[in-house]
Amino acid sequence: MKKIAICPGSFDPVTLGHVDIITRAAKMFDKVIVAVLVNPSKKPSFSINERIELLKEATADIERIEIVSFNGLLASYAKEKNAVAVVKGLRVVSDFEYEFQMALTNKKLNPELETIFLTTSARYMYLSSSMVKQVASFGGDISDFVPDCLYDKIYNRLKGDV
Ligand code: PNS
């Protein structure tokens, strides 16, 4: 049976850190579903469709992945898709508490589902979508944060958005 993993997130917008985690997850599983989900505690800057389009461009050369959106519980979506694992990147200690809580909640809702944390690559340790948004909104350079092919789209969309 094919081993399917889900890389869930807000991806608002996708960063080089996300692409790194998706690339590494794709080497570990037969198929990776990149799921754009709603995080009720965040107010998004990009629509779901925009986030999907950006993700598709950013991951165009990664094989055996699928980009989807789902408005509901990750644990239910994983069950529906027969996914065996959720793969998330872990950057700094401050990520841990929230991620640990989500992993345990998902395990309670779907006991078959494992959560795997990949240690972030050192060069992306500081990177987050929120930082991209903040830097671009003040007109700063985000070339080390997002894929080259998306620079203009993300920058032009966020610049002045303060
Ligand atoms: O990139 P983010 O914002 O850290 O990702 C969080 C996300 C979207 C994966 C999380 O909020 C989520 O799984 N949302 C779907 C709703 C859900 O299942 N909530 C319960 C998980 S504890």
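In each ligand, atom 1 is the first atom listed, and ligand 1 is the first ligand listed.
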Sequence neighbours excluded and cut-off under 3.5 Å, please list the side-chain donor-acceptor pairs for residues 144-154, or say none.
from, atom 1, to, atom 2, distance (Å)
Y151, OH, D141, OD1, 3.3
Y151, OH, I142, N, 3.4
K153, NZ, E57, OE2, 2.3

>> Does T15 form a side-chain contact (heavy atoms from CB on, under 4.5 Å) with Y124? I'd like the steps, not just the answer.
In response: CA-CA 9 Å; T15 68; Y124 301 131; over 6 Å; no

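- In the model, S47 has no side-chain atom that pairs as donor or acceptor with a side-chain atom of N49 under 3.5 Å.
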Which atom pairs, nitrogen or oxygen on both sides, join ligand 1 and the protein at under 3.5 angstrom?
from, atom 1, to, atom 2, distance (Å)
ligand 1, 1 (O), S10, N, 3.0
ligand 1, 3 (O), S10, OG, 2.5
ligand 1, 3 (O), N39, ND2, 2.8
ligand 1, 3 (O), K42, NZ, 2.7
ligand 1, 14 (N), V38, O, 3.1
ligand 1, 18 (O), L74, N, 2.8

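- Checking side-chain atoms of D95 against main-chain N and O of R91 turns up a donor-acceptor pair under 3.5 Å.
- For M125, the side chain to side chain contact (heavy atoms under 4.5 Å, CB included) criterion is met by V92, T120, not counting sequence neighbours.
- Under the rule for a salt bridge (charged side-chain N to carboxylate O under 4.0 Å, His left out), the partners of D12 that lie at least two apart in sequence or sit in another chain are R51, K133.
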